[in-house]
Amino acid sequence: MELTNFIETKVNEYAQKIIKGGEKSDDLAFGQLSFYLSLR
């Protein structure tokens, strides 16, 4: 259960960075978000 909570937290964190960040930040956050979504 702890891993699931960690992954969900990271997904939410990087999704927020895409919403709030600029273009360069979006690219990095999207890569990280894709990684955590695949784990989920």
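Just so you know, these numbers come straight off a predicted model, no measurement behind them.
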Enumerate donor-acceptor pairs with a distance under 3.5 Å from any side-chain N or O in residues 12-21 to protein atoms, sequence neighbours excluded.
from : atom 1 : to : atom 2 : distance (Å)
N12  : ND2    : E8 : O      : 3.2

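Placement of L37 and L28 in two distinct hydrophobic clusters is found when ILVMFWY residues are connected by side-chain heavy-atom separations under 4.5 Å, directly or transitively.
At most 12 heavy atoms of other shown residues, nucleotides or ligands fall within 6.0 angstrom of atom CZ in F30.
Residue V11 comes nearest to Y36 through the heavy atom pair CG2-CB, 3.8 Å, listed as atom of the first residue, atom of the second, then distance.
Of the inter-residue distances, the one linking L3 atom CG with L39 atom CG reads 7.5 Å to the nearest 0.5 angstrom.
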